[in-house]
Structures are given as structure tokens and as C-alpha cells.
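Whatever order the structure lists them in is the order used to number ligands and atoms, beginning at 1.
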Amino acid sequence: MKIICATDYADMSRKAANILSAQVIMKPNCVLGLATGGTPVGTYRQLIEWYNKGDVDFSEVTTVNLDEYRGILKDNPQSYWYFMHKNFFDFVNIAPERVHVPDGANLDADAACKEYDAVIHQVGGIDLQLLGIGPDGHIGFNEPNAAFELGTHCVDLTESTIEANTRFFEKKEDVPHQAYTMGIKSIMQARKVLMVANGANKADIVKTAFFGPVTPEVPASILQMHPDFTLVLDAEAAAKL
Ligand code: F6R
């Protein structure tokens with residue numbers, strides 16, 4: 001595990017974007033695993049800036065996103081498909097046919113998850129997986145006590161995740177209660193993993209997950225065992241280390 005301490009959110013975003021763009025420069029046809037949430041938005045913004053300057057080219061890149069709500073259409077502004085397009089894909093030269101997000105519109109959970117695992121397999125696995133971390137240690141939608149050995153699967157969201165995601169919806173009742181997510185196994189099989197975390201509300205979980213025991217109660221703690229895991233923190237998230 002490598003920890004990189006940044007000063008603030010902008011610095012964290014720039015450092016994470018540097019690692020992602022190095023990956024794309026070293027392997028232009030790489031597979032990037034991407035995340036939604038507030039934390040990586042600055043990273044995407046920085047990548048867009050460098051793309052506009054001609055410093056990074058996504059024309060051969062394939063992407064696989066971590067997760068998507070179940071029962072939501074792509075064009076729903078709350079879908080992760082929509083989020084990724086509005087925060088990143090619409091502004092760079094990623095080929096639409098190489099963009100993959102679990103199919104939230106497919107209510108057949110088994111089929112949707114199997115299909116997504118097949119996609120990850122077909123593209124040759126993930127070269128670099130970007131992650132955020134939930135206040136309870138979730139990664140993707142792998143909530144506390146998720147099994148470590150699962151691939152893509154359907155999860156019931158916990159009350160705390162529904163609560164945390166309410167900020168993106170008009171009202172709490174609109175937050176879906178289920179999602180399709182890559183499993184811990186899918187994440188651990190990525191050749192490299194990069195996590196970004198910022199803000200004082202992540203300081204406790206960063207300490208627990210990466211300086212405490214590896215346990216399903218804290219899903220992110222398994223990343224301590226990953227052979228190529230980089231954690232980029234701003235000063236607030238690193239404050240308790
Ligand atoms: C996003 C995801 C989530 C978030 C986590 C942190 O695709 O799967 O695990 O990474 O909830 O979210 P933020 O960045 O909003 O604190």
C-alpha cells in the first residue's frame with residue numbers, strides 16, 4: 001500500500017489524475033475502472049483539462065464503471081451512466097462503444113450481473129481501478145459484511161448509504177434501494193487500485209480501513225492485501241494517521 005498525502009482537494013485530484021493519465025500514456029488501450037460520487041469529480045475535471053491541452057488521449061481507452069442503481073434508465077439524471085457522461089465522458093474522446101456501466105434498466109439481476117462480469121472478462125480485466133470510500137468503509141456498493149469472494153452482484157443498500165445518496169435526489173423516497181455493483185473479487189482482480197479520499201468526514205474510516213484489521217465489516221480494509229494499491233488523501237482525510 002502506497003499513501004500519497006495531498007494538501008487539499010485540488011491537490012488530491014491533480015495527483016490522482018496524474019496516476020490515471022500515466023496509466024493511459026503507458027498503455028493507451030488500457031481498461032480503466034471508474035467510480036462516481038463526489039470525490040473523483042475533481043480528478044475527472046483535471047483529466048478533461050489535460051485532454052483539452054492535448055496531454056492525454058482517451059481514444060483507445062475502455063472503461064468499466066463500478067456500479068449502477070437497479071431499476072434506473074441511462075437517461076435518468078440520477079443514473080451513474082448519466083453522472084459519468086456529464087462529469088467526464090462527454091468532454092473527452094472516449095469511444096462510446098468502449099464505455100461500460102452495469103445495466104440498471106435490466107431488472108433481471110442475475111442476467112445483468114453475469115453480463116457485466118462477461119464484459120470485464122472480454123475486455124481483458126481492469127488495468128487501473130479508481131475508487132472512493134464510503135464513511136462505513138464501503139467500496140462500490142459493497143457494504144459492511146459483504147462477501148469478499150463475489151463478482152458483480154445485486155445489493156440492498158443500507159440505510160446509511162441511502163442517507164448519504166439522498167443529497168443527489170430531490171427527496172429520500174426517490175433513492176433506489178438496490179444496485180448492481182462489482183464485487184470485492186472484481187475490484188481485487190484489478191491490476192492496480194487507486195483510491196481517493198478527502199475531507200474530515202473520511203479521516204476515521206481511512207484510519208480504520210487501512211491501519212486496522214482486514215475484515216468484511218470494513219470492506220475497504222481488504223485493499224491492504226492488494227499488491228498495487230495507492231491511496232491519495234487530502235490533509236483532512238489523512239489527519240488521524
Ligand atoms: C461510487 C461508489 C461509492 C463511492 C463512495 C464515496 O461509484 O461506488 O462507493 O465511491 O460512496 O462517495 P463520495 O465520493 O461521494 O464520498
Side-chain angles (χ1 to χ4, degrees), residues 6 9-10 12-13 16-17 20 32-46 63-70 72 74 78-89 99-104 113 116 120 126 128-146 150-169 175-176 178-188 190 193-206 208-210 218-223 229-234 236-238:
Y9 181 73
M12 176 204 77
S13 301
L20 282 155
L32 298 180
L34 298 178
T36 60
T39 319
V41 168
T43 305
Y44 296 141
R45 220 177 278 143
Q46 181 65 79
T63 65
V64 283
N65 256 81
L66 272 175
D67 42 17
E68 178 60 282
Y69 291 118
R70 175 174 179 263
I72 209 162
K74 286 177 177 172
Q78 304 309 335
S79 77
Y80 285 178
W81 171 274
Y82 193 94
F83 176 99
M84 285 309 299
H85 283 77
K86 294 302 158 204
N87 285 286
F88 188 40
F89 299 149
V99 161
H100 306 281
V101 179
D103 184 4
C113 295
Y116 205 61
I120 297 172
I126 301 165
L128 174 57
Q129 176 67 53
L130 176 65
L131 296 176
I133 184 169
D136 58 359
H138 70 244
I139 46 177
F141 271 122
N142 296 283
E143 305 276 13
N145 299 313
L150 290 178
T152 307
H153 59 289
C154 182
V155 289
D156 296 326
L157 306 188
T158 61
E159 198 49 42
S160 105
T161 297
I162 293 172
E163 198 63 56
N165 288 357
T166 303
R167 65 198 149 126
F168 300 115
F169 289 79
V175 187
Q178 284 187 312
Y180 299 142
T181 183
M182 275 186 205
I184 302 280
K185 185 172 91 179
S186 334
I187 294 170
M188 289 299 281
V193 177
L194 168 64
M195 177 179 277
V196 280
N198 74 292
N201 66 328
K202 297 287 170 75
D204 283 325
I205 192 62
V206 162
T208 308
F210 304 115
V218 186
S221 64
I222 189 72
L223 294 165
F229 171 50
T230 303
L231 178 58
V232 184
L233 304 171
D234 78 341
E236 287 184 340

Point to revise | Side-chain donor/acceptor of Asn142 to backbone N/O of Met182, under 3.5 Å | key: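 Pair found, side chain donor or acceptor close to backbone of Met182.
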Exercise for review: State whether the side chain of Tyr116 and the backbone N or O of Leu66 hold a donor-acceptor pair below 3.5 Å, judged by distance alone.
Suggested key: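 Such a contact is absent between Tyr116 side chain and Leu66 backbone.
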Could you check [atom] against the protein and tell me its nearest heavy-atom contact, residue, atom and distance included?
{"atom": "atom 1 (C) of ligand 1", "value": "Thr36 OG1, 3.1 Å"}
{"atom": "atom 2 (C) of ligand 1", "value": "Asp67 OD2, 3.4 Å"}
{"atom": "atom 15 (O) of ligand 1", "value": "Gly38 N, 2.8 Å"}

Could you see which bit of [X] sits under 4.0 Å from ligand 1, with heavy atoms only: side chain, backbone, both or neither?
{"X": "Ile133", "value": "backbone"}
{"X": "Arg167", "value": "side chain"}
{"X": "Thr39", "value": "both"}

Point to revise | Best match, His138, Lys202, Glu143, Met84: closest heavy atom to atom 16 (O) of ligand 1 | key: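 When every heavy atom of His138, Lys202, Glu143, Met84 is considered, Lys202 comes closest to atom 16 (O) of ligand 1.
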Which of the atoms in ligand 1, numbered in the order shown and given with their element, are less than 4.0 Å from a heavy-atom of [X]?
{"X": "Leu66", "result": "7 (O), 8 (O)"}
{"X": "Gly140", "result": "2 (C), 3 (C), 8 (O), 9 (O)"}
{"X": "Gly132", "result": "10 (O)"}
{"X": "Gly37", "result": "14 (O), 15 (O)"}

Review point. In terms of the angle between their ring planes, are Tyr69 and Phe169 parallel, tilted or perpendicular, with boundaries placed at 30° and 60°?
Key: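 Ring orientation of Tyr69 relative to Phe169: perpendicular.
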Review point. Do the rings of Phe210 and Phe229 sit parallel, tilted or perpendicular, given the 30° and 60° boundaries?
Key: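 Tilted, since the angle between the ring planes falls between 30° and 60°.
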Check your understanding: Between Phe83 and Phe168, is the gap from one ring center to the other below 6.0 Å?
Key ->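 Ring-ring flag for Phe83/Phe168: false, centres at least 6.0 Å apart.
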Exercise for review: Kindly write out the residues that satisfy side-chain contact (heavy atoms from CB on, under 4.5 Å) with Ala6, not counting sequence neighbours, or none if the list is empty.
Suggested key: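 Ala6 satisfies side-chain contact (heavy atoms from CB on, under 4.5 Å) with Asp11, Met12, Lys15 only.
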Exercise for review: To the nearest 0.5 angstrom, please state how far the OG1 atom of Thr152 sits from the CD atom of Glu68.
Suggested key: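 Here the interatomic distance stands at 13.0 Å.
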Review point. Can you tell me how far the CG atom of Asp67 sits from the NE2 atom of His153, to the nearest 0.5 Å?
Key: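 That separation rounds to 10.5 Å.
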Check your understanding: Got an N/O contact under 3.5 Å between Gly134 and ligand 1?
Key ->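 By distance alone, the answer is no.
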